[in-house]
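None of these values were measured; they are calculated from a predicted model.
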Amino acid sequence: MSDIHSTAYRYDAVCTELGVSPNPYVVKMLEKEKEDTVFEFKENMHLYLAGNNKLLTDKRLVDQDMLVLYKTLQNNLYVTSLDLRFNNITDEGAKHLAKLIEESATLRDLNLMSNDIGPEGAEMLAKALQTNESMKSLRLTGNKIGNRGGMAFAQMLQVNTTLEALDVADCDLTIESVIALSTVLHQNKTLKALNVNRPILFTQQEETTVHYAKMLHVNTTIEEIHLQKYDMRDFGATRLAENLMQNNTLKCLNLSCNRITRDGALEISKVLKENTAIEILDLGYNRLEDDGACHIAEALKTYNTNLQTLVVSFNNIGNKGLCALADALKVNTSLKQIFIWGNKLEEPATIAFASLLESGRIKSEDTDIRAYVVDGVTKLCELNNSIRRHYYYAPSYGDDVPTWQQRGQNPRGSDVIAIKNFTTY
């Protein structure tokens, strides 16, 4: 099965074999793929079956659908990516998907975000990945796999040599599994992106942050790491900064939704002054305030030439800090994106950023603000831009549709081709 026609035929045959009715959503997506291949030859397919797209379906997939998909795709060479986010898949459905992972030689990406998979299902998926040699990305965000599931994936990473991206954010991991994941990455040489946002931690000692800091000191493959909602304070930020000084591979660092203040920002600015490989730095929803913003601005103004995206939204930054960042942007030419909404946007700061927007130094699509004037007073309003705005959901119309999202059919024909695809989590 190396084309859409044989894939669709196999799906109908499996439904007949099992005595079940074909799922209208699956049939619709296969038919849509047939239409697309009439005008453009495709070597592979991204099978989009997200349950939260009301333009395409009003019913979510269940475990029975996973059995049908497993039997359909087990020897399939055409479908290489499977998006099953926001459905009603439980451990029973995960068992069928684990079999698919074991037997498929071409499936590269699997998105199971926000289903009902628990620890047992996670163990089956992790065990399947121990022998799989094709899977590159697995996303389990929002499935309550707990400590038991987290430990299973840590064990898997000791054996697997192909997986490059693992997302276990909001999975109720506890301190044991969080530390286990960081420990195995001392030796794992293939994983490039790890999302372990919002674990369930009861300690005040920041042990988890220290373990990830030590891992980043020796790991030479991780390019993207997300440590959101770790209750991280300045001590943890300092330990991270100390160990990142010699790291030349990490490109994306997400420390948003923590408790980092000006002292932690000072240590992070020292990493920026070393001009490390970091290209994306997310410090949103912390407590940097003016002094912390000034530390970051100093590093950008005088030393750093690699950082391309900076997020400092909702940090209680006032005129002093925001103007310092604006001044740094006049000198720094490498920073392309900056997000500042949620701070104290008073007139000196609004004028400074309005000037950057007017001069073209910052493009409207690269920030979360837009300038306007009312009665001679410059104001800023919020734009719906962020570096992870397509993480849970993406639009079906307009010029901001990512490549993985199914584009809607506008009867007036005013749709335009998507021009962006944010790959960062």
Side-chain angles (χ1 to χ4, degrees), residues 228-229 232-234 237 252-266 268-269 272 278-302 304 307-391 395 400 420 422 424:
Q228 186 184 93
K229 299 178 183 177
M232 188 186 305
R233 294 177 288 277
D234 293 333
C252 175
L253 178 62
N254 179 5
L255 301 178
S256 60
C257 300
N258 284 295
R259 297 168 62 184
I260 301 171
T261 70
R262 63 179 186 179
D263 295 331
L266 173 61
I268 293 172
S269 71
L272 296 179
I278 295 176
E279 297 177 358
I280 301 173
L281 177 61
D282 191 344
L283 294 172
Y285 296 89
N286 278 283
R287 304 174 180 179
L288 304 188
E289 300 186 331
D290 283 336
D291 290 344
C294 288
H295 294 317
I296 301 295
E298 180 187 358
L300 294 176
K301 189 173 183 179
T302 56
N304 190 278
L307 193 68
Q308 298 179 15
T309 301
L310 175 65
V311 182
V312 289
S313 307
F314 294 93
N315 266 283
N316 199 33
I317 303 173
N319 286 326
K320 179 182 176 183
L322 291 173
C323 288
L325 288 171
D327 290 340
L329 286 174
K330 296 176 183 178
V331 179
N332 183 298
T333 59
S334 60
L335 190 70
K336 304 301 182 184
Q337 296 180 308
I338 186 167
F339 301 91
I340 65 166
W341 184 258
N343 292 295
K344 298 177 182 178
L345 303 177
E346 298 172 350
E347 192 167 13
T350 60
I351 292 174
F353 277 93
S355 175
L356 292 172
L357 289 167
E358 184 179 359
S359 66
R361 172 62 186 87
I362 297 291
K363 298 180 180 179
S364 59
E365 62 265 26
D366 293 332
T367 187
D368 57 352
I369 55 170
R370 175 180 293 170
Y372 65 98
V373 179
V374 178
D375 296 330
V377 179
T378 302
K379 302 285 188 179
L380 296 178
C381 64
E382 183 182 12
L383 294 180
N384 187 28
N385 289 340
S386 69
I387 59 175
R388 285 181 294 278
R389 64 181 177 276
H390 296 154
Y391 184 64
D400 195 29
K420 290 183 182 178
F422 287 91
T424 304

**Study point:** With K336 via side-chain contact (heavy atoms from CB on, under 4.5 Å) - residues at least two apart
**Key:** none
Check your understanding: Minimum heavy-atom separation for Q228 to C257, with atom names?
Key -> CG-CB, 3.7 Å
Check your understanding: Does N258 reach the main-chain N or O of N286 with its side chain, forming a donor-acceptor pair under 3.5 Å?
Key -> no
Review point. Sub-3.5 Å donor-acceptor pair from the side chain of S334 to the main-chain atoms of Q308, do we have one?
Key: no
Would you mind writing out the side-chain donor-acceptor pairs for residues 339-348 within the sub-3.5 Å range, not counting sequence neighbours?
from : atom 1 : to   : atom 2 : distance (Å)
W341 : NE1    : E382 : OE1    : 3.2
N343 : OD1    : N315 : N      : 2.8
N343 : OD1    : N316 : N      : 3.1
N343 : OD1    : I317 : N      : 3.0
N343 : ND2    : V312 : O      : 3.0
N343 : ND2    : I340 : O      : 2.7
E346 : OE1    : N319 : ND2    : 2.8

Practice item. State, to 0.1 Å, how close A297 and A328 come at their nearest heavy-atom pair, and which atoms those are. Key: O-CB, 3.5 Å
Check your understanding: Looking only at heavy atoms, which two atoms of C294 and A324 are closest? And how far apart?
Key -> SG-CB, 4.0 Å
Practice item. For R370, check side-chain hydrogen bond (donor to acceptor under 3.5 Å, both in side chains) against everything at least two apart and list the hits. Key: none
Check your understanding: Can you list the residues that meet the salt bridge (charged side-chain N to carboxylate O under 4.0 Å, His left out) rule with D282, with sequence neighbours excluded?
Key -> R388
Point to revise | Residue pairs, two or more places apart or on separate chains, that pass salt bridge (Lys or Arg N to Asp or Glu O under 4.0 Å) and touch residues 312-326 | key: D291-K320
Check your understanding: Is a side-chain donor or acceptor of D290 paired with a backbone partner of G321 at a separation under 3.5 angstrom?
Key -> yes
Review point. Who are the side-chain contact (heavy atoms from CB on, under 4.5 Å) partners of T261, not counting sequence neighbours?
Key: D234, D263, R287
**Study point:** Evaluation steps, side chain to side chain contact (heavy atoms under 4.5 Å, CB included), between R389 and D400
**Key:** CA-CA 10 Å; R389 64 181 177 276; D400 195 29; 2.9 Å; yes
Review point. Is there a side chain to side chain contact (heavy atoms under 4.5 Å, CB included) between L310 and L325 once you walk through the steps?
Key: CA-CA 10 Å; L310 175 65; L325 288 171; 4.2 Å; yes
Review point. Is a side-chain donor or acceptor of N385 paired with a backbone partner of S364 at a separation under 3.5 angstrom?
Key: yes
